[in-house]
Amino acid sequence: MLISLFFGGLTVAMLTAIAIIRSAHLHAHLSMDGDLSGPQKFHTTPTPRVGGVSIMAGLMLAAAVAWHESLSEFATLLLAGLPVFLAGLAEDLTKRVRPLYRLLFAFVSAAMAVWLLGAVLPALGIAWLDEALTALPWLALLVTVFAVGGVCHATNIIDGYNGLMGGVTMTMAAALAYVSFAVGDTVLLAISVSLMGAVLGFLVWNFPRGMIFAGDAGAYLVGFLLAEVSVLLVVRHPGVVSPWFPMLLMIYPVFETIFSIYRRKKRQAAAGLPDSMHFHQMVYKRLVRWMVGKREAKHLLRRNSLTAPYLWSVALFSVMPATLFWQYEWVLQLCCALFVLMYVWLYRRIVQFRAPRWLVLRHVESDVRSTLVISSR
């Protein structure tokens, strides 16, 4: 069954994505970016940003297969994710849905998951807070809804370069699949494997050439499913799966969001407005020096696609220990602290032009030519 879920989701997502790409001339006025000058736009030609539709199509096929195998919770969770998916799709098509509204719809989806599946975090692995959650059920509900909505928004924030969001979330889904298998949870294993397949089907066309983007619909939907599977693992296996497992697993996008809010507040800038100082943007500007200064589309595309592997590596510094130590709370907490320190240290070094030389990717031929030009002057 798992093979059918994976390849079924992959095939449908891949075919839906290529259908969107091939028919772009029919829906370009809705599905493509008309303005490529924004601080978070790194492509040179209008590109369909409704790749989330292909991911949803793959997941719907997988959910149908799972329903046939008496795993109806998959379809229920997908139903709960509809509000945030549709809000993201509305933004992809109209470009007029404010981030606050999308976040509110993420809260609605999280609340639906609470109602339909009982997905309420029973504990957070912090003694005094766990006592409060036990004594005040409404507080546990609010914390869960806020956490799920935050992960949705955080996943959308890291959706900046070809393959970035897809590659990072696939590793997270793989980790969730492993832990689901380890605890014998067939439903969550099926959802995680299906998510891997659907995202991979989209990723085939997104990386490295950037022929289609996930858009807000895709990023919010994937973030929602990752968050909910994480919550359900903790809910369904209390005392076995540590609440710090999902925290470490998704700390890269989550801390990116927290750090961005802090950074903007420090600069007295609006927390909800886009800027060009995210970690992945600094990697693109300061570390990926491949044909820097060139404005030809092929060179910009190459720089874009070379950025994602840097961030995949950063994500693995949290995904790998989370996968290995998902039962050991103190190890997970220590790894969270180490990741935060590594992130802040590396960000500061990059911003101050003091990044380790071995991290900087250069085009050798371009550097030689630049040296010759400077010497001739």
Side-chain angles (χ1 to χ4, degrees), residues 2 119-131 133-134 140 143-144 146-148 150-152 154-155 158 164-196 199 222-259 279 309-347:
L2 293 177
V120 181
L121 283 169
L124 296 177
I126 303 173
W128 63 270
L129 190 52
D130 290 347
E131 293 177 4
L133 295 180
T134 302
V143 168
T144 303
F146 182 80
V148 172
V151 171
C152 292
T155 305
I158 66 167
L164 174 52
M165 187 277 293
V168 170
T169 56
M170 270 196 65
T171 63
M172 294 176 178
L176 290 171
Y178 171 79
V179 176
S180 299
F181 175 78
V183 299
D185 197 314
T186 307
V187 173
L188 300 184
L189 175 59
I191 297 172
S192 301
V193 169
S194 302
L195 183 59
M196 289 172 59
V199 172
V222 172
F224 171 77
L225 291 176
L226 289 174
E228 286 297 342
V229 171
S230 299
V231 170
L232 288 170
L233 269 174
V234 176
V235 170
R236 293 157 70 116
H237 306 281
V240 179
V241 180
S242 169
W244 283 83
F245 161 66
M247 182 63 207
L248 178 59
L249 181 66
M250 287 176 270
I251 195 170
Y252 162 48
V254 169
F255 187 71
E256 169 71 23
T257 304
I258 295 171
F259 188 75
F279 187 75
Y310 277 87
L311 285 308
W312 296 345
S313 302
V314 170
L316 285 177
F317 275 97
S318 66
V319 173
M320 290 180 64
T323 306
L324 292 172
F325 305 112
W326 54 275
Q327 290 178 288
Y328 304 102
E329 198 157 277
W330 72 269
V331 179
L332 296 169
Q333 292 171 338
L334 176 62
C335 290
C336 282
L338 291 175
F339 183 89
V340 169
L341 291 174
M342 180 200 73
Y343 178 103
V344 174
W345 173 81
L346 188 55
Y347 186 92

Enter the distance from Met320:CE to Phe325:CZ here, rounded to the nearest 0.5 Å.
9.5 Å
Close side-chain approach of Leu176 to Leu233, heavy-atom, < 4.5 Å:
yes
Ignoring hydrogens, what is the shortest heavy-atom contact between Leu316 and Pro321? Give both atom names and the distance.
O-CD, 3.7 Å
Between Ala315 and Tyr252, what is the shortest heavy-atom contact and its length?
CB-CD2, 4.2 Å
Worked verdict on Val241 versus Val179 for side chain to side chain contact (heavy atoms under 4.5 Å, CB included):
CA-CA 8 Å; Val241 180; Val179 176; 4.1 Å; yes
Report yes if some heavy atom in the side chain of Trp326 is under 4.5 Å from a heavy atom in the side chain of Val183; otherwise report no.
yes
Which class fits the ring pair Tyr343 and Phe339: parallel under 30°, tilted 30 to 60°, perpendicular over 60°?
tilted
Indicate yes or no for a side-chain donor-acceptor contact from Glu228 to the backbone of Ala119 under 3.5 Å, with no hydrogens or angles considered.
no
Are the side chains of Leu124 and Met247 in touch, meaning some heavy atoms are under 4.5 Å apart?
no
When rounded to the nearest 0.5 Å, the distance separating CD of Gln333 from CD1 of Ile126 is 7.5 Å
d(Leu164 CG, Tyr310 OH) to nearest 0.5 Å is 14.0 Å
Please tell me if the side chains of Leu121 and Val234 come closer than 4.5 Å, counting only heavy atoms from C-beta onward.
yes
Please determine whether side chain to side chain contact (heavy atoms under 4.5 Å, CB included) holds for the pair Leu338 and Phe317, giving the CA-CA distance in whole Å, both sets of side-chain angles, and the decisive distance to 0.1 Å.
CA-CA 10 Å; Leu338 291 175; Phe317 275 97; over 6 Å; no
Verify side chain to side chain contact (heavy atoms under 4.5 Å, CB included) between Val187 and Arg236, making sure each step is shown before the conclusion.
CA-CA 11 Å; Val187 173; Arg236 293 157 70 116; 3.9 Å; yes
Taking Thr257 for its side chain and Pro253 for its backbone only, find out whether a donor-acceptor pair lies under 3.5 Å.
yes
Between Thr155 and Thr169, what is the shortest heavy-atom contact and its length?
CG2-CG2, 4.0 Å
Distance in Å, Cys335 SG paired with Met342 CE, rounded so as to fall on 0.5 Å steps
11.0 Å
Residue of the set Met172, Met170, Met165 for which side-chain contact (heavy atoms from CB on, under 4.5 Å) holds with Val199
Met170
Below 4.5 Å, heavy atoms only, C-beta onward: do Leu195 and Val222 meet side chain to side chain?
yes
Looking only at non-hydrogen atoms, find the nearest pair between Ile251 and Cys336 and report the distance.
CD1-O, 3.7 Å
Between Leu311 and Ile158, is any pair of side-chain heavy atoms under 4.5 Å apart?
no
With rounding to the nearest 0.5 Å, note down the distance linking CG in Leu133 to CH2 in Trp128.
9.0 Å
Identify the heavy atoms of Gln327 and Val240 that sit nearest to each other, and give their distance.
CG-O, 3.6 Å
Compare every heavy atom of Val344 with every heavy atom of Phe259, then report the nearest pair and how far apart it is.
CE1-CG2, 4.4 Å
Mind checking the CG-OH spacing from Leu189 to Tyr178? Nearest 0.5 Å is all I need.
12.5 Å
